[in-house]
Structure formats: structure tokens, C-alpha cells
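Notes for the one structure printed next.
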Number of protein chains: 2
Amino acid sequence: METTGQQPTAAPEPKYWHLRTVLVRAIDSEFSTGQVLPNERELAARFGVARATLRQALDQLELEGRLVRRRGIGTLIAAPRVGVPVNRQEEGWPGAGRSKAWRTVDCTTAPASAQLAGNLGVAEGATVHTVRRVRLVEGRPMATESLHVPASALPHLPGFRAESDRARSVLRQLERLEVDGESRSVELGVAEADEAGLLERPPGSPVLVMTTQYVSAGRLVALAVSTYRADTCKLTFGETGLADVAPVGVTREVRTAS
Amino acid sequence: METTGQQPTAAPEPKYWHLRTVLVRAIDSEFSTGQVLPNERELAARFGVARATLRQALDQLELEGRLVRRRGIGTLIAAPRVGVPVNRQEEGWPGAGRSKAWRTVDCTTAPASAQLAGNLGVAEGATVHTVRRVRLVEGRPMATESLHVPASALPHLPGFRAESDRARSVLRQLERLEVDGESRSVELGVAEADEAGLLERPPGSPVLVMTTQYVSAGRLVALAVSTYRADTCKLTFGETGLADVAPVGVTREVRTAS
DNA sequence: CAGTGGTCTAGACCACCCG
DNA sequence: GGGTGGTCTAGACCACTGA
């Protein structure tokens, strides 16, 4: 199992990491999108390791978005990640009410918990509308979003309505507001049970969690928490999209090799 | 090992996922930042599972940034993620030459590979400067960056110099350019060997890969590929930072519970 | 049905940290 | 030293897919 002829005193490279490197090369040179790899038991045998060790390498590659594993089917070469625009307001929230990009799941109106109230800058117990939506890209769910709006930010909201109407009303009222700006943050998370279901992924799948604060007239009028599938999504904040860059994996390899 | 009294016909929840849920509750209620958990063998025994199963749950929690595991020490409750500003130009590149936020590692000047040339919009083989830097937050490395600049974008760059001087010159020249805008993308990746070393993390650690295109006078003048430690970083794109939102984990729990 | 990936086990050894 | 997490093994059973 010589790695690359390293000195005995050198730091010993874990088998699974070496395996990953070998597989990356094989994937890049001998396979193309959608193709299925040999099954895990065979691969493990071929490389002379336990199946668990091989799986550790595959886990890495899946986290990088290079592989997709489907139970009962096999391990496939993943398509390059989809660039999902999140910068333009039309992509995020206002104007999206009529778009097909988002599908409303439900809408609740309830008093804010201490936690949520703090984040929204309102008093605890203040009424807050919460719209839950799913973002679709090419018909597939790519993200979930929980949009929290204090009732005080929507003075002209019509009275009681059916849930689906209420969601529409909230979104419509939001569009009427002048949005001065948004501030966002992005971090890594995992899909909880409900999100996992909406994203059609198993619980624990990695997601990019984007938190957006919408400001109007100097006040925070909405807080959106979105979870994007990390396996297939690349969040793009482009201002005026220049040419798209090639998959990062490749870019980074190039740099490393230089 | 009753989970929560679910029907036999219900979808069986994996043990490691149930374990994770239990641990999340324990962490939030009974532990505080920096505290060490019982060791893995003891925890596994206490929950009546194999150590490997327990580790699967801990892996999840580490990915979420709730735990930190240190070899020879133990498993600690992680501090909340650090918000790292990446939107303001002063945080990213121009003006950072004199700042203490970035430490230059090296600087190379070489012909562009086909891959890199395509991404930069120059001819293959064109001369490109590459500055490698590390971003420090509170003295700790939080990100690595490879900044690629076509020599054609820096017409006034002085001649040959020592490497450290060259890096400084490239950065200084870049600052002189008027930057019309940047377009960014963020996705999930893993740290390769060299990045891992700079970030003081083992290879394969999750990172947020941010790719930034800098545009000046309608032309792409620089391409930056940054890798941020996903365990401790939260990328913030705030325009004019309002109050910070609480840790997302909590926020999301609140929403789920509503 | 046979074949795939997903979960789980019990045990072993190693690399690292500290007193 | 003894204790920690990190790696690796060989095997088992389950859940899902497709023919």
C-alpha cells in the first residue's frame, strides 16, 4: 500500500484519505456524469481495505459534491453543482410571489418566542407571520425557507383568511415595502427532519444555512432563514454575472498543482 | 432503547440520529462552551451502542459546529461560530495590504493553465500572478486565499523582485484599480493537504469555498478562491450590520418548534 | 428475487496529550 | 504512564431498488 513513496518518518497518511485521492483522479479521468461506480464491496476488495474504510473515502467525495449515492442503485458521478442566484431581490423574496421559483408550504401566525423576538427586534410575544416555502430549481427542491415577518411591519394586512390566502397576502404586502438593503450570513448546517423531507434528502444531510435580514425605512421588516442543499447547490451573489467560473474543485486543483 | 414511543410501522429512525437529538438537548441544557463531554467509550456504554455508532452522532454535531474534538484531550462544547465579514472590500482585498487581517504566504508568477486562463478570461499561457494568503481572526487562521491576477491587469508592476516584495507590489497595484464590483459564489468543500495545514485542521475538514471575481473597467482583473473553516466560520455579507442574529441552530429550533 | 447502499457491532491498534 | 480521539477491520443485518 505504498502511498507515493514517502519517508517512513513522514506523517502517515490515513488510508481513506489516500483512497479519496486515488478515486478523485479516477473520477476525473475515467468517468463522466451519471456513470455508476463499481459497488462498495467490490471497490473495497479491489483496494484491499474494509468496506467501512472505503465508505469513509466515499463520504468525503459525497461531501464535495462529486458523488451521489442512491440506496438500491449504486454510486454515481454527480453533475456539477448548480449555481443558485441569491443576491438579486427578485431571486430572494420581493417579486417572487408570482414566480414559479418558490412554492409556499404553509403559513402560521403566532406570538414570537423570546428567541425569535430578539432576532426580529420586537417584543416577546408580539405577533409574527411565518411563511414556509420551498425553492425549486428545474422542478427539484433546492432550498427551504422560513420567512418571519412581524405583524407590525404589515399594517395593511387584511384580516383573517384561509392559510393559503394568508401566505399570499403576507408576501404581497412585503412587496409593497421599499427594501433599503439586506444583510446576509452563510454557514454550514445539517437538515433536520422536516427540512430533510422538503429537500428530499435524508436527515443529517449537509446544507448551507443562509440568514437574511431585510431592512426597510431603517427597520428590520423580515428575517429569512434558508437551507440550501449543500450537495447540489452553489450560492451565487453575482452583481452582474460575468462568465461563470468552472467547478471549484477543478480550479483549486489547478492552483494546487501550480 | 425506546426512541420516543413511535409506532412499529413508522419509519425506523437510525440510532445515530436519535443519539444526536438526545445529545443536542443535553448540550443545550447541561453544558456550556469549553466544557468537556465524557469520553467516547463511556458515552457509548451509557447509551448502549457501539463506539462507532456514537461517533457517527458526534460527527454530525461537529459538522454543525456544536462540538470540537481534540485528540488526546476530549470532546468539547464549541463556541458559537465567528461572524466573518466578507462583503466590504476592505475586508476582502483592496486596503488589506497593510492590514493585519491577512498574512501573505507566498507569491508565484507563472503562465496560466488552460483551466485558470478560462476562468480569468485571458489566453492560455498568459502570465498570471498568484498570491497565497491566510486570513487571521483573533490570531487564528480562519481562511486561505489564492488571488490570481493576470499580469496584463497590472501594467505598472515593477520588475523582478524578491517573492515577498512581489506579493506586496501586486497587492499595492491592485489597490490602485477602481473596482466596479464583485460577484461571488459560496459552496461546500473539503480542505486539501496544503490548505489543511494552513488552517491548522486535518485534511478533509469541511470548508466554505468562496470564489470572487473582481471587475474593473468592465474587465475581470482578479479571481480569488478562498476556503473558510466551516466549523468555526459564519460568512457575513452584511451591508450595514444591524444587530447580529443569534446562532442559527437555536433560531432554527425555534422555528421548528413553532 | 438478487444487488445496492445504510446501519450497527465488537474489537483492535495507533497518534497524541498530559502529568 | 494512562487517557483521549482517530483509524481500521470483518462481519452482520436492514431498507430500498429494479428486473
Side-chain angles (χ1 to χ4, degrees), chain A residues 1 3 6 8-21 23 34-63 67-78 190-191 196 200-205 231, chain B residues 1 3 8-21 23 34-63 67-78 190-191 196 200-206 231:
Chain A
M1 259 308 101
T3 53
Q6 59 185 17
T9 57
E13 189 185 42
K15 275 189 189 175
Y16 77 89
W17 185 254
H18 176 241
L19 248 185
R20 183 203 87 104
T21 308
L23 288 171
Q35 214 168 340
V36 312
L37 264 56
N39 71 58
E40 298 184 348
R41 288 157 180 94
E42 153 133 19
L43 279 178
R46 188 181 301 184
F47 288 109
V49 299
R51 191 177 156 219
T53 304
L54 172 78
R55 280 181 60 80
Q56 229 178 320
L58 295 182
D59 286 344
Q60 289 278 346
L61 294 168
E62 198 176 25
L63 203 64
L67 293 181
V68 181
R69 292 192 276 184
R70 296 209 198 128
R71 194 198 307 231
I73 304 287
T75 303
L76 323 177
I77 309 295
V190 304
E200 297 175 1
R201 294 287 298 165
S205 304
D231 57 343
Chain B
M1 258 312 96
T3 53
T9 57
E13 188 186 42
K15 276 188 189 176
Y16 77 88
W17 185 254
H18 176 240
L19 248 185
R20 174 204 164 265
T21 307
L23 287 171
Q35 215 168 340
V36 313
L37 263 57
N39 72 57
E40 298 184 349
R41 287 156 181 94
E42 155 136 16
L43 279 178
R46 187 180 301 183
F47 288 109
V49 299
R51 191 177 156 217
T53 303
L54 172 79
R55 280 182 59 81
Q56 228 178 322
L58 295 182
D59 286 343
Q60 288 278 346
L61 293 169
E62 198 176 25
L63 203 64
L67 293 181
V68 182
R69 291 192 276 184
R70 295 208 198 132
R71 194 194 316 230
I73 304 285
T75 303
L76 323 177
I77 309 295
V190 304
E200 297 177 359
R201 294 287 297 164
S205 305
D231 56 344

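Just so we're on the same page: letters track the sequence lines, and every chain starts at 1. Since this is a predicted model, take the numbers as computed values, not measurements.
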Can you check nucleotides 9-12 of chain D for protein contacts, nitrogen or oxygen pairs under 3.5 Å, and list what you find?
from, atom 1, to, atom 2, distance (Å)
dT9(D), OP1, Lys15(A), NZ, 3.0
dT9(D), OP2, Ala50(A), N, 2.8
dT9(D), OP2, Thr53(A), OG1, 2.4
dA12(D), N6, Arg51(A), NH1, 3.4

To the nearest angstrom, the CH2-P distance between Trp17(B) and dT7(C) comes to 11 Å
Output the rounded distance in Å from CD (Gln60(A)) to P (dT7(D)).
9 Å
Where is the tightest heavy-atom contact between Leu54(A) and Ala44(A), given as atom of each residue plus distance?
CD2-N, 3.8 Å
So Leu58(B) and Leu67(B), do their side chains get closer than 4.5 Å, heavy atoms only?
yes
Spacing of Asp59(A) atom CG relative to dG5(C) atom C1', expressed in whole Å:
11 Å
Shortest non-hydrogen contact between Pro38(B) and Leu43(B), atoms and distance
O-CD1, 3.5 Å
List in chain and number order the residues that pass side chain to side chain contact (heavy atoms under 4.5 Å, CB included) with Thr21(A), two or more places apart in sequence or in another chain; answer none if no residue qualifies.
Trp17(A), Arg25(A)
Decide yes or no for Asp231(A) and Arg201(A): does some side-chain heavy atom of the first lie under 4.5 Å from some side-chain heavy atom of the second?
yes
Would you mind reading off the distance between Leu58(B) atom CG and dC8(C) atom P, rounded to a whole angstrom?
14 Å
Kindly say if Asn39(B) contacts the phosphate of dG3(D), meaning a side-chain N or O under 4.0 Å from OP1 or OP2.
no
Rounded to the Å, how far apart are His18(A) NE2 and dT7(D) P?
16 Å
Has Tyr16(B) got a side-chain N or O lying under 4.0 Å from the OP1 or OP2 atom of dT7(C)?
yes
Write down the distance between CG (Leu37(B)) and P (dT4(D)), rounded to a whole number of angstrom.
12 Å
Side chain to side chain donor-acceptor pair (under 3.5 Å) involving Glu200(A) - partner list, sequence neighbours excluded
none
Partner set under salt bridge (Lys or Arg N to Asp or Glu O under 4.0 Å) for Arg69(B), not counting sequence neighbours
Glu40(B), Asp59(B), Glu62(B)
According to side chain to side chain contact (heavy atoms under 4.5 Å, CB included), who are the partners of Arg41(A), at least two apart in sequence or on a separate chain?
Asn39(A), Arg51(A)
Separation of atom CG in Leu76(A) from atom C1' in dT17(D), rounded to whole Å
12 Å
Spacing of Leu19(B) atom CG relative to dT7(C) atom C1', expressed in whole Å:
13 Å
Partners meeting side chain to side chain contact (heavy atoms under 4.5 Å, CB included) with Ala78(A) (sequence neighbours left out):
Val68(A)
Where along residues 67-75 of chain B does a heavy atom fall under 4.0 Å from DNA chain C?
Arg71(B), Gly72(B), Ile73(B)
